[in-house]
Amino acid sequence: MEFRKWKREDFSQMIDLGEKMYKEGAYKNLSYNKNKLKMMADKLIDKPKTSMGFVAEENNEIIGMMIVILRNYFFSDDIFCHDLLLFVDPYKRKSIRIPVRLINMASEWAKENGAKEFRPASSVGIEKEKVAKLYNFMKFDNVGYVFRKE
């Protein structure tokens, strides 16, 4: 298994993997626009100092991914990092190795690029308890909740 930064050639597989996340999670009632995702990825990959993607690849197949972005707090000039997504193929979730490695890569990248904090979130609602246990295991503090109303 290989863990690395994303490349443009990964986008098709990442978007397909993202569709699995979409179908499994809390956003399944919304449309899934592959063209919009491709355009967004094209913009993000061209800004490696403010956004980055990481993938886990096995036998030339992307089985896990994380995309993160650096932002300023609205009340401060300090920088923090948040994730757009973290997802591992359902058939590869037996071990926490994949998400731990992706989160560590993203955390290190964030630190190298000036982030004071890494603030990942989980809004998709997939295996919520396992996600909370994972971040707690990795010494993240729970500082809030995500709510939704249709």
Side-chain angles (χ1 to χ4, degrees), residues 3-6 10-11 13-57 62-150:
F3 294 87
R4 60 175 174 75
K5 292 179 180 177
W6 65 349
D10 299 327
F11 291 172
Q13 282 192 60
M14 291 175 77
I15 290 168
D16 288 345
L17 184 59
E19 190 167 15
K20 288 183 180 182
M21 179 178 71
Y22 157 79
K23 288 178 178 178
E24 187 179 355
Y27 298 110
K28 61 185 162 210
N29 62 317
L30 304 172
S31 64
Y32 190 77
N33 187 331
K34 290 183 177 189
N35 290 327
K36 185 174 186 175
L37 289 167
K38 170 75 167 73
M39 288 189 300
M40 182 196 69
D42 276 330
K43 288 179 184 176
L44 293 177
I45 202 168
D46 288 335
K47 298 177 182 176
K49 291 291 185 189
T50 58
S51 56
M52 184 57 64
F54 301 93
V55 298
E57 187 176 42
I62 294 175
I63 58 169
M65 59 186 173
M66 185 170 206
I67 300 174
V68 294
I69 295 180
L70 296 179
R71 296 270 191 248
N72 292 100
Y73 293 98
F74 70 91
F75 55 85
S76 171
D77 294 330
D78 289 332
I79 297 169
F80 73 99
C81 182
H82 72 88
D83 65 318
L84 290 180
L85 65 89
L86 169 63
F87 186 72
V88 176
D89 187 286
Y91 297 107
K92 301 295 181 175
R93 292 185 193 154
K94 291 178 184 92
S95 166
I96 65 168
R97 177 178 177 236
I98 296 170
V100 165
R101 186 80 182 268
L102 292 170
I103 292 165
N104 283 337
M105 290 172 72
S107 296
E108 187 60 34
W109 173 85
K111 187 187 301 184
E112 289 170 1
N113 285 281
K116 294 245 181 188
E117 294 183 320
F118 183 41
R119 290 182 162 260
S122 179
S123 64
V124 74
I126 298 172
E127 298 188 14
K128 294 181 277 194
E129 292 78 20
K130 284 185 179 180
V131 172
K133 284 181 182 178
L134 170 68
Y135 281 117
N136 288 331
F137 169 77
M138 294 183 73
K139 307 295 185 215
F140 283 84
D141 295 323
N142 184 341
V143 295
Y145 301 95
V146 176
F147 300 96
R148 176 182 85 152
K149 182 177 183 179
E150 289 185 40

Output, in order, the C-alpha distance, side-chain angles, deciding distance and verdict of side-chain contact (heavy atoms from CB on, under 4.5 Å) for Val55 and Met14.
-> CA-CA 9 Å; Val55 298; Met14 291 175 77; 3.9 Å; yes
Test log, rule side-chain contact (heavy atoms from CB on, under 4.5 Å), inputs Glu24 and Phe87 | CA-CA 11 Å; Glu24 187 179 355; Phe87 186 72; 3.7 Å; yes
Apply side-chain contact (heavy atoms from CB on, under 4.5 Å) to the pair Lys34 and Asp16, showing each step before the final yes or no.
-> CA-CA 8 Å; Lys34 290 183 177 189; Asp16 288 345; 3.1 Å; yes
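Here Arg71 pairs with nothing under the salt bridge (charged side-chain N to carboxylate O under 4.0 Å, His left out) rule; sequence neighbours left out. Here Lys47 pairs with nothing under the salt bridge (charged side-chain N to carboxylate O under 4.0 Å, His left out) rule; sequence neighbours left out. Scanning for side-chain hydrogen bond (donor to acceptor under 3.5 Å, both in side chains) contacts around Asn35 gives an empty result, with sequence neighbours left out. Annotation: salt bridge (charged side-chain N to carboxylate O under 4.0 Å, His left out) contacts of Asp46 (sequence neighbours excluded): Arg8. For Gln13, the side-chain hydrogen bond (donor to acceptor under 3.5 Å, both in side chains) criterion is met by no residue, not counting sequence neighbours. Lys38 meets the salt bridge (charged side-chain N to carboxylate O under 4.0 Å, His left out) test with Asp42; sequence neighbours excluded. Evaluation of the side-chain hydrogen bond (donor to acceptor under 3.5 Å, both in side chains) rule for Asp83 yields no partner, not counting sequence neighbours. When the side-chain contact (heavy atoms from CB on, under 4.5 Å) test is applied to Ala115, the partners found at least two apart in sequence or on another chain are Leu70, Ile79, Cys81, Ala110. With sequence neighbours excluded, the residues forming a side-chain contact (heavy atoms from CB on, under 4.5 Å) with Met138 are Val100, Ile103, Asn104, Leu134, Phe140, listed by chain and number. With sequence neighbours excluded, the residues that form a ring-ring contact (aromatic ring centres under 6.0 Å, His included) with Phe75 are Tyr73. Qualifying side-chain hydrogen bond (donor to acceptor under 3.5 Å, both in side chains) partners for Lys28, counting only residues two or more places apart in sequence or in other chains: none.
A heavy-atom distance below 4.5 Å is found between the side chains of Leu17 and Asp89. Side chains of Ile45 and Phe11 form a contact here, defined as non-hydrogen atoms less than 4.5 Å apart. Side chains of His82 and Val68 form no contact here, defined as non-hydrogen atoms less than 4.5 Å apart.
Interatomic distance, CD1 of Ile98 versus NZ of Lys92, reported as 7.0 Å (0.5 Å rounding). The distance from atom NZ of Lys36 to atom CE of Met39, rounded to the nearest 0.5 Å, is 8.0 Å. Atom CD of Glu112 and atom OG of Ser107 lie 11.0 Å apart (nearest 0.5 Å). With values rounded to the nearest 0.5 angstrom, Trp6 atom CH2 is found 10.5 Å from Ile62 atom CD1. Atom-to-atom distance recorded for Trp109:CH2 and Phe118:CZ is 9.5 Å, nearest 0.5 angstrom. Of the inter-residue distances, the one linking Leu44 atom CG with Leu84 atom CG reads 6.5 Å to the nearest 0.5 angstrom.
Of all the heavy atoms in Ala56 and Phe3, the pair that sits closest is CB-CE2, 3.5 Å. Closest approach of Pro99 to Ser95, counting heavy atoms only: CD-O, 4.1 Å. Nearest heavy atom pair, residue Pro90 against residue Lys20, reads CD-CD, 4.5 Å. Across Met66 and Ala106, no two heavy atoms sit closer than the pair SD-CB, 3.8 Å. Nearest heavy atom pair, residue Lys5 against residue Met105, reads N-CE, 4.4 Å.
In this structure, Arg119 does not pair ionically with Asp141, as no charged nitrogen and carboxylate oxygen lie closer than 4.0 Å.
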Side-chain donor-acceptor contacts of residues 121-132 below 3.5 Å, not counting sequence neighbours, with atom names and distances?
unit_1	atom_1	unit_2	atom_2	d
Ser123	OG	Tyr27	OH	2.6
Glu127	OE2	Arg93	NH1	3.2

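Within a 6.0 Å radius of CG in Asn29, more than 12 heavy atoms belonging to other residues, nucleotides or ligands are found.
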